[in-house]
Amino acid sequence: MAKRNQKSAISPTREEDYPEWYQQVVKAAELAETSPVRGCMVIKPWGYALWENIQRVLDRKFKDTGHRNAYFPLFIPKSYLEKEAQHVDGFAKECAVVTHSRLEMGADGKLHPASPLEEPLIVRPTSETIIGELYAKWVQSYRDLPILINQWANVVRWEMRTRLFLRTAEFLWQEGHTAHATEAEAWVETRKMLDVYADFAENYMAMPVIRGEKTEGERFPGAVSTLCIEAMMQDRKALQAGTSHFLGQNFAKASGIQFLNQEGVQEHAWTTSWGVSTRLVGGMVMTHSDDDGLILPPRLASAHIVILPIIPKEDVRADVMEVATRLKAQLRGVIWNGIPLEVELDDRDLRGGEKNWQWIKRGIPLRVEIGPKDIASDSVFVARRDTGEKQSYKSAEFVDSVGTLLESIQANLLERARAFRQEHTREIDSKDDFIDYFTPANAQKPEIHGGFALAHWAGSAEDEAALQKDHKVTIRCIPHDDDIPAESGTCPFTGKPSPRRVVFAKSY
RNA sequence: CGGGGCGUGGCUCAGCCUGGUAGAGCGCUGCGUUCGGGACGCAGAGGUCGCAGGUUCAAAUCCUGUCGCCCCGACCA
C-alpha cells in the first residue's frame, strides 16, 4: 500500500493525461491493440471475453422480451442506402464501398481490381435499409406483425480518428430491428429496449446511466426520435452507451413495408431499431479503472478469480499446487450469477511480484494467494481489486462466501460510480456559470474539468450548434422524468421559459 | 481535407546537423542466485535503418520522389 502511493502501475495517471491513461490501461490489460489496418482493432482474448459476457447477458434479455436472432448481409446495395434521404446524409461520408469483384495480376507484379460491379456495394454502417427491404417481403398482413429481430454483427464506419473500443472503423455490435402495426406499439418497444440497456448498464456493468431523448442535432439519421443512455466517465465527459430509435414510418415508406390492417386498409408499418456496441467495453474501462489499471465489474469480468501459488522453495511446490488445484475445482463448482465462476490458476514461472501486478493491471476482481503458511493454517490470502483490501480466510469459508464477496465488489463499483457522477453534476442557472463550468484552465492541454450540467434550455438547433462550436458542449439528452424530474424554469441563454432541465456535457 | 511531427532489432528510442558499413534501455532465450508486492548477475539470439531513385570511393546520415503512421482541427456509436 505504501508503495502504491509512490508509483502507479499505469503511467501517466488519470490526472496527468486521461486519454493517454486510457490507452495504456487497454494495452496493459491486454484487452486490444491497434491492427495493421488503419482504424481497426484486434480484440485480444481478455477483451473479447468481456464482449462475450456482454453478449450472453444481453442476448438472454432480448430473448426474454420476445426477440429472435437472425443474420442479414454485410453488403448493402448502394441504391438501398439512397432510399431514405436523411439516412444518406448521415452515413454517406463514412461508408466503405466495394466496387470490384476480382483481382488480376498486373504486369507490375501486383494485384489490381479487375471486374467492376454493376452496382457498388456498401459495407454496412447499419442495417435499416437492407433489413427494411426484407421486412417488406415478409409483411403482408397485420397478422405478420410485429417482427422482433436482433442481429449480432460487425459494421464499418470509416471514421477519421479512432480510439480503441470507443471509436473504431470496424466494430462489433447488436442491432435490433422491429416492425409494428401501430405507432403506440412501436413506441412501447423503443422505450422497453432503452430500459433493457439501462438495466444492463447499471446492474451488470456497474455503470450508472441517465435515460433520455436526443435533440434534433444528435438524432439518428432517419429517425423520428432517438432515445439514449448516457454515462459519465472519470474525466467527467459523457459517453453515449446505447441508443434506441423510434423510426416512425420513415423507413417503412422508404422500403415499402406495408400491410393490410383489420379494416382491409393498406398501411405502412412502424419500425424501431436499437443497438449497443463494443464501445461498452471502453465505457467499462473508463468508469471503473484506476491508476493501477483495469478494474472489472465481477458480473462481466473475463474471469473472476486468479489463484497465485506461492512457492518459496522447490520442495513445497507439489503441496502448494495440489491445494491450489483443489481450490480451483471447488471454486469452479460455485454457480454465481447464473454461471460457474471463471478461475485462473497462474503457475507460470514468473517472479511473484510481477505476476501479481499483471493481474492487477488486468482488473481481475479477486486474487487468491496460496503458500505454505496458508496451507499450514488451512487458509487463503485474498485481495480484492476494487478496494485493495487483503484478508485471510479459512479455505472452506472463502469458497462459501465468494459469491457474497463478488456481489459486494459489484455493488461497491456501482456505488462509487454513482457518487462520482453525483459529485460532478450541477444545476446551473446562469450563462456565466455555465461557460465557467466548461472552460478549462489550460486551453492548450485541457485538464479534467466540468461534468454534467443540468440547465434549462429553450434555444434552437442553431443555438445548440453554436454552443458546441464555441465551448465543445452538447445537450447529451432530454432526460426521462424518472431519472431527473421535470421542473419548469427559464433558459439562461435565451431568457425564454423552459419546461425542464436537460443534460449538458462534453462528450466522446 | 487543412496544420504539425515521425518511420532505425518485438517495444521505446539514440545516432543524421559535421557521410566511413549500427547502438542503448526494456522485452526474449539459457544458466546461477533469488522468490509472501514490480529481483540480480553472467552468457546469448535478434536489424539489407519504410520503399524507390540520385549524389559519392563510400549513405541510417545529403538530395528527389513515394508509401505509411501518429498528434491537432472539421465528422461520428
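Lettering follows sequence order; numbering is per chain, from 1.
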Item checked: Criterion salt bridge (charged side-chain N to carboxylate O under 4.0 Å, His left out) on Asp347(A) and Lys355(A), from CA distance to verdict -> CA-CA 10 Å; Asp347(A) 60 353; Lys355(A) 194 189 280 189; over 6 Å; no
Note to self: What contact category does Phe220(A) fall into here, base, sugar-phosphate, or nothing, at under 4.0 angstrom with non-hydrogen atoms?
What the structure shows: nothing
Checklist line | Gap between atoms CG and P, on Leu239(A) and A77(B) respectively (whole Å) | finding: 11 Å
Notebook entry, point to check: Rounded to whole angstroms, how far apart are CZ on Phe381(A) and P on G37(B)?
Noted result: 9 Å
Note to self: Is it the case that the base of G37(B) and the side chain of Arg367(A) share a donor-acceptor contact (distance under 3.5 Å, atom types as modelled)?
What the structure shows: yes
Checklist line | From A74(B), G37(B), A77(B), nucleotide with atom closest to Ile360(A) side chain | finding: G37(B)
Check: Counting only Watson-Crick or G-U wobble pairs whose two distances fall under 3.5 Å, which nucleotide matches A77(B)?
Finding: none
Notebook entry, point to check: Which of these nucleotides, G37(B), A77(B), G36(B), is closest to any side-chain atom of Trp357(A)?
Noted result: G37(B)
Next item on the list: Searching all strands shown, indicate the nucleotide that pairs with C62(B) (Watson-Crick or G-U wobble; both distances under 3.5 Å).
Entry: G54(B)
Next item on the list: Could you verify whether a donor N or O on one side chain and an acceptor N or O on the other, from Glu133(A) and Ser255(A), lie under 3.5 Å apart?
Entry: no
Next item on the list: For Leu308(A), report the nucleic acid contact type (base, sugar-phosphate, nothing); a contact means any heavy atom under 4.0 Å.
Entry: nothing
Margin query: Which is more 5' along RNA chain B, the nucleotide nearest Gly353(A) or the one nearest Lys313(A)? Just name the residue.
Written below: Lys313(A)
Item checked: For Arg124(A) against Gln151(A), the heavy-atom pair lying closest together -> NH1-NE2, 3.7 Å
Item checked: 5' priority, RNA chain B, between Ile311(A) and Arg476(A) [closest heavy atom] -> Ile311(A)
Note to self: Ignoring hydrogens and geometry beyond distance, is the side chain of Asn356(A) in donor-acceptor contact with the base of G38(B) at under 3.5 Å?
What the structure shows: no
Check: Mind checking whether His87(A) and Phe251(A) have parallel, tilted or perpendicular rings, split at 30° and 60°?
Finding: perpendicular
Notebook entry, point to check: Picking from G73(B), G36(B), A77(B), which would you name as closest to the side chain of Arg279(A)?
Noted result: A77(B)
Next item on the list: Go through G37(B), G38(B), C75(B) for me and flag the one nearest to the Glu159(A) side chain.
Entry: C75(B)
Note to self: I want to verify a distance call: between G36(B), C75(B), G73(B), whose nearest atom is closest to the Glu94(A) side chain?
What the structure shows: C75(B)
Check: Would one find a side-chain N or O of Arg157(A) under 4.0 angstrom from OP1 or OP2 of C75(B)?
Finding: no
Note to self: I want to verify a distance call: between G73(B), G37(B), G36(B), whose nearest atom is closest to the Arg351(A) side chain?
What the structure shows: G36(B)
Next item on the list: Remember a base hit wins even if backbone is also touched, and classify Lys373(A) as base, sugar-phosphate or nothing at under 4.0 Å, heavy atoms.
Entry: base
Note to self: If you only use heavy atoms from C-beta on, which nucleotide in A77(B), G36(B), G38(B) is closest to the side chain of Lys361(A)?
What the structure shows: G38(B)
Check: Minimum heavy-atom separation for Ala29(A) to Leu294(A), with atom names?
Finding: CB-CD2, 3.7 Å
Note to self: Mind checking if Gly352(A) touches a base, just sugar-phosphate, or nothing, with heavy atoms under 4.0 Å?
What the structure shows: nothing
